[in-house]
Amino acid sequence: MAAAAWTPWRRLRLHRGLSEASLAEVLDGGQSFRWARTAEGEWTGVFGRHVARLRSVSDSVEWSGLSGDAGVEGSLLFYLDAAGEQDRVAEALPWRSDAVLRAAMALYPGLRILRQDPAEALLCFLCSSNKRIIQIRSMVAALARELGPPLGGGHRALPGWGELAAADDRVLRACALGYRANYVRGTARLLADRPDWDAEWSRLETPALLERLGALPGVGPKVAACVALFGFGRLGAFPVDTWIVQALAAAYGLRGWSPARMAEFGRIHFGEGAGLAQQHLFAAVRAGKLPGMELRRPKAAPPRSCGRPRA
DNA sequence: ATGGACCCTTGAT
DNA sequence: ATCAAGGGTCCA
């Protein structure tokens with residue numbers, strides 16, 4: 001394959017910049033599964049139909065795209081919320097009265113929710129159940145490699161629902177989807193002949209959107225919340241995964257609560273930016289730095305009676 | 001509403 | 001070689 005021809009590095013005009021660690025958390029913290037760190041410490045990724053490189057330079061972000069793609073910068077500005085809409089949402093979070101949230105937010109300043117394409121978020125999170133981030137990244141990379149349209153430089157976009165619906169079962173099997181292959185195929189068959197599904201669903205209120213998403217095969221409450229948050233920009237959606245269960249149990253005294261109740265707690269306690277708060281808590285607990293969880297075992301059998309820390 | 005199976009991979013014994 | 005667990009969902 002031909003070597004990629006990259007445009008020169010340029011500074012991306014962000015309302016709020018990002019440290020190197022925060023940029024890494026945004027790109028590789030479980031929101032998107034399409035970015036990889038290069039040997040030079042830069043990031044190369046595919047989002048929508050664009051390929052880009054990103055790097056952090058003294059708390060600002062520099063970008064470079066495939067030469068010939070004039071739309072990269074504008075798409076990046078949207079993707080990374082350059083206008084800073086999320087700053088206002090973050091300001092409205094209850095960090096003044098919630099020391100746990102305050103500490104988590106201090107850990108990755110500038111952390112934000114990526115504004116991904118709905119189909120991209122849906123496909124990736126259909127693959128996410130019972131998988132680690134690195135495994136999800138490997139699965140969707142395989143899907144792009146096997147079925148996705150080429151974008152130049154050896155990169156490929158994710159396949160559309162049509163390609164996925166028509167895909168041979170052996171191909172999906174080769175992508176190591178396991179039982180998730182049926183989720184992907186089932187959802188692809190429902191959406192393949194509805195090219196405007198995302199535009200239509202964008203007009204729904206969040207509860208209705210979650211209901212529509214949840215009716216797709218392979219989409220339960222957690223995946224629906226992730227797609228609403230990362231794909232439809234619903235910052236109030238509050239995905240509850242195993243990490244958030246740990247975090248809310250240990251730091252908010254919610255031991256024994258069901259995920260559904262935890263989700264309700266999150267939406268009520270954190271409000272319109274619940275999903276953004278969730279991402280901060282997720283990052284903090286994964287880093288092992290959430291207050292009240294210092295005693296967490298490195299590799300951890302679920303700690304059952306190690307006291308009841310309460311923030 | 002709660003419990004178990006589910007495909008497959010990885011990392012720890 | 002075996003075991004446990006992984007940003008869950010589905011069905012009983």
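Note: hydrogens, waters and symmetry copies are ignored here, and every other heavy atom, side chains too, is used. Every chain is numbered from 1, with letters handed out A, B, ... down the list of sequences. Everything quoted here is computed from the prediction, not taken from an experiment.
Ring-centre distance between A/Phe282 and A/Tyr108: not below the 6.0 Å cut-off.
Note that the CG atom of A/Leu158 and the CZ atom of A/Phe47 stand 12.5 Å from one another [nearest 0.5 Å].
Applying the side-chain hydrogen bond (donor to acceptor under 3.5 Å, both in side chains) rule to pairs touching residues 45-57 of chain A yields A/His50-A/Asp69, A/His50-A/Ser75, A/Arg53-A/Ser64, A/Arg55-A/Glu62, sequence neighbours excluded.
Taking a 4.0 Å limit (strictly below) on heavy-atom distances, residues 221-238 of chain A reaches DNA chain C at A/Pro221, A/Lys222, A/Val223. Less than 4.0 Å separates DNA chain B from at least one heavy atom of each of the following residues of residues 119-145 of chain A: A/Lys131, A/Gln135.
Remark: C1' of C/dG7 and CD of A/Gln116 are 13 Å apart, rounded to the nearest angstrom. We find that OH of A/Tyr179 is positioned 13 Å from C1' of B/dG4, with the value rounded to whole Å. Rounded to whole angstrom, the span from the OH atom of A/Tyr183 across to the P atom of C/dG7 amounts to 16 Å. If you take CG of A/Leu177 and P of B/dC6, they are 19 Å apart, rounded to a whole angstrom. A/Glu264 has its CD atom 10 Å from the P atom of B/dA1, to the nearest Å. Atom CG in A/Asp241 sits about 10 Å away from atom P in C/dG6, given to the nearest Å. Rounded to an integer number of Å, the gap from A/Trp257 CH2 to B/dA1 P is 13 Å. Per the geometry, CE belonging to A/Met262 stands 15 Å off C1' belonging to C/dG8, to the nearest Å.
The strand DNA chain B forms stems, runs of 3 or more Watson-Crick or G-U wobble pairs with distances below 3.5 Å, at B:2-6 with C:8-12, B:8-13 with C:1-6.
A salt bridge does not link A/Glu146 to A/Arg156: none of the charged side-chain nitrogens sits closer than 4.0 Å to a carboxylate oxygen. Comment: A/Arg286 engages A/Glu25 in a salt bridge, judged by a side-chain N to carboxylate O separation of less than 4.0 angstrom. A salt bridge links A/Arg185 with A/Asp169; the closest basic N to acidic carboxylate O contact falls under 4.0 Å. Classification of A/Asp98 and A/Arg102 as a salt-bridged pair fails, no side-chain N sitting under 4.0 Å from a carboxylate O.
Comparing A/Gln278 and A/Gly214, the nucleotide of DNA chain C nearest to each residue sits closer to the 5' end for A/Gln278.
Comparing the P positions of C/dA1 and B/dC7 gives an interatomic distance of 22 Å, to the nearest angstrom. Using atom P as the reference point in both C/dA4 and B/dG4, the two lie 15 Å apart (nearest Å). Taking atom P in both C/dG7 and B/dG3, the straight-line distance is 22 Å, to the nearest Å.
Across all their heavy atoms, A/Arg234 and A/Thr206 have their closest contact at NH1-OG1, 3.1 Å. Listed here is the closest heavy atom pair of A/Leu281 and A/Leu248: CD1-CD2, 4.5 Å.
Between A/Trp197 and A/Phe232, the angle of the ring planes goes over 60°, which puts this pair in the perpendicular group of the 30/60° scheme.
On a pure distance criterion of 3.5 Å, no polar donor-acceptor pair joins the side chain of A/Gln31 and the base of C/dG7.
Among the heavy atoms of the strands, none lies under 4.0 Å from A/Gly186. Contact annotation for A/Val240: no contact, since no heavy-atom pair falls under 4.0 Å across all strands. A/Arg180 comes within 4.0 angstrom of a base, heavy atoms only. At a threshold of 4.0 angstrom between heavy atoms, the contacts of A/Leu281 with the nucleic acid are absent. At the heavy-atom level, A/Gly218 lies under 4.0 Å from the strands shown only through sugar-phosphate atoms.
Atom CD of A/Glu200 has more than 12 heavy atoms from other residues, nucleotides or ligands within 6.0 Å.
Residues satisfying the salt bridge (charged side-chain N to carboxylate O under 4.0 Å, His left out) test with A/Asp87, not counting sequence neighbours, are A/Arg16. In this structure, the salt bridge (charged side-chain N to carboxylate O under 4.0 Å, His left out) partners of A/Glu91, at least two apart in sequence or on a different chain, are A/Arg96.
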